[in-house]
Amino acid sequence: MAKYQDIYPTEPLLRSQDAARPLAADLLNLEYFEAEPGAMPTRVFDQHHVLLNLNDEPHRVENWRGGEHRDFTFCKNEVVVTPAGLESGWRWHIRSKVIVLTIDPDKLERFCQSELGLLLSRQQLLDRPQFEDQDLVDAAVNALDALRDRGPGSEVMYECLARVLLVKLVRKFGEERAEAVEFSPSFTAEHYRSVLDLIEAKYAAPLAVEDLARAASLSPSHFARLFKETVGESPHQFLTRYRVERASAMLADPTRALIDVALACGFSDQPHFSRVFKKVTGSTPRQYRQTLDQDRAKNP
């Protein structure tokens with residue numbers, strides 16, 4: 001059966017669904033558990049998971065994540081963030097008292113665009129194996145208390161507190177490449193996402209402005225002008241910065257040759273890589289790696 005909107009001859013000038021704010025309760029699933037000692041098998045999930053420990057007693061916990069086994073003491077107000085797509089499993093050795101947040105990545109992305117003016121990268125949440133954050137735990141407890149309250153206005157209260165919790169979560173653990181972008185009808189978040197998807201998938205290959213414009217379904221000249229007006233830098237500058245950021249992450253592996261990093265990030269050769277990297281960061285790739293090595297030596 002056809003929808004009215006499908007057959008009307010022109011686009012509406014205003015739509016209520018464009019103005020409606022996404023509900024935090026629709027994308028943030030908050031659950032409280034008190035479970036006897038046990039284990040969860042290692043799995044890869046489509047959702048982000050955030051664990052917030054409420055147990056007053058420090059206790060032993062084991063976590064298998066990304067092929068690494070962590071055996072640690074879990075203290076009150078500590079948080080573990082596990083991004084979607086990261087393999088994770090658990091074993092706990094005393095009765096647990098924990099809040100678990102599960103968040104859909106696509107819904108989180110839309111929430112950040114419409115509510116915070118941020119466009120998150122596909123990583124979205126940083127992997128934080130263990131981190132103390134009483135402020136975030138307090139925000140989660142407040143939302144939990146609102147869930148427990150069955151009185152008048154409790155649902156409205158939960159929605160408000162869930163929004164506060166989400167904002168705090170993104171501010172503290174949001175992916176560092178989140179950018180404030182003011183979109184327009186001419187260059188929308190969908191245009192930006194299409195370009196970013198292409199760059200994330202093919203930054204190692206030669207990419208011209210024409211390729212990026214094609215991803216956004218715009219002419220190259222129109223695309224280049226709108227992109228710079230919206231993002232604040234040219235498509236070429238944006239692509240270069242993205243490649244340097246990817247290279248910076250790869251340089252953390254001391255066994256990886258500089259030429260391998262250069263080619264993996266779309267640079268034609270090592271001298272070209274070194275020139276561009278220094279122009280963007282102020283240091284050569286070799287100097288950057290030496291700084292990382294010195295930091296590791298100081299904080300083994």
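For this chain, numbers begin at 1 and follow the sequence in order. Side chains included, hydrogens not; waters and symmetry mates left out as well; all remaining heavy atoms used.
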For Ser283 against Phe277, the heavy-atom pair lying closest together: O-CD2, 3.1 Å
Backbone N/O of Asn63 and side chain of Arg70: donor-acceptor pair under 3.5 Å: no
Parallel, tilted or perpendicular, as decided by the 30° and 60° cut-offs, for the rings of Phe223 and Phe227: tilted
Atom CD of Gln237 with >12 non-hydrogen neighbours under 6.0 angstrom: yes
Parallel, tilted or perpendicular: rings of Phe273 and Phe267 (30°, 60°): tilted
Backbone of Val280 reached by a side-chain donor or acceptor of Arg241 within 3.5 Å: no
Under 3.5 Å: donor-acceptor pair, side chain of Asn53, backbone of Cys75: yes
Pairwise side-chain contact, Lys97 with His59, heavy-atom cut-off 4.5 Å (strictly under): no
His236 (side chain) donor-acceptor with Ser234 (main chain) under 3.5 angstrom: no
Heavy-atom check, side chain of Leu161 versus side chain of Asp145, under 4.5 Å: no
Within-4.5 Å side-chain heavy-atom neighbours: Gln130 and Phe72: yes
Same apolar cluster (I L V M F W Y, side chains within < 4.5 Å links), Phe33/Val141: no
Atom of Ser154, atom of Ala146 and distance for their closest heavy-atom approach: CB-O, 3.9 Å
ILVMFWY cluster, Val137 and Ile99 together (side-chain gap under 4.5 Å): yes
Which atom pairs, one a donor and one an acceptor, fall under 3.5 Å between side chains of residues 35-44 and the rest of the protein, sequence neighbours left out?
residue, atom, partner, partner atom, Å
Glu36, OE2, Arg95, NH1, 2.3

Residue pair His191 / Ser194, side-chain donor-acceptor N/O under 3.5 Å: no
Distance (rounded to the nearest 0.5 Å) between Asn77 CG and Asn55 CG: 11.0 Å
Minimum heavy-atom distance Ala84-His48, with the two atoms named: N-ND1, 3.0 Å
Joint cluster assignment, Leu218 & Leu198, ILVMFWY side-chain distance < 4.5 Å: yes
Residue list, side chain to side chain contact (heavy atoms under 4.5 Å, CB included) with Asp71, at least two apart or on another chain: Arg60, Glu62, His69
Nearest-0.5 Å distance that lies between atom CD in Glu87 and atom OG1 in Thr82: 11.5 Å
Close side-chain approach of Leu108 and Val170, heavy atoms under 4.5 Å: yes
Heavy-atom side-chain contact between Val244 and Ser248 under 4.5 Å: yes
Spacing of NE2 belonging to His49 relative to OG belonging to Ser88, to within rounding of 0.5 Å: 8.5 Å
Euclidean distance, Asp104 CG relative to Leu28 CG, rounded to 0.5 Å: 11.5 Å
From CG (Leu292) to CG (Asp253), nearest 0.5 Å: 11.0 Å
Sole residue of Leu165, Leu136, Asn29 in side chain to side chain contact (heavy atoms under 4.5 Å, CB included) with Leu101: Leu165
Asp135 side chain reached by Lys168 side chain, heavy atoms, under 4.5 Å: yes
Under-4.0 Å salt bridge between Glu210 and Arg214: no
Spacing of OG1 belonging to Thr230 relative to CZ belonging to Arg225, to within rounding of 0.5 Å: 9.0 Å
Cluster overlap Ile103 with Trp90, hydrophobic side-chain contacts below 4.5 Å: no
Atom of Pro206, atom of Asp211 and distance for their closest heavy-atom approach: O-OD2, 4.1 Å
Within one Ile-Leu-Val-Met-Phe-Trp-Tyr cluster: Leu169 and Leu86, side-chain cutoff 4.5 Å: no
Gln134 atom CD: more than 12 heavy-atom contacts under 6.0 Å: no
Salt bridge present between Asp197 and Arg193 (N-O < 4.0 angstrom): yes
Distance-minimising heavy-atom pair for Leu251 and Leu258: CD2-CD2, 3.5 Å
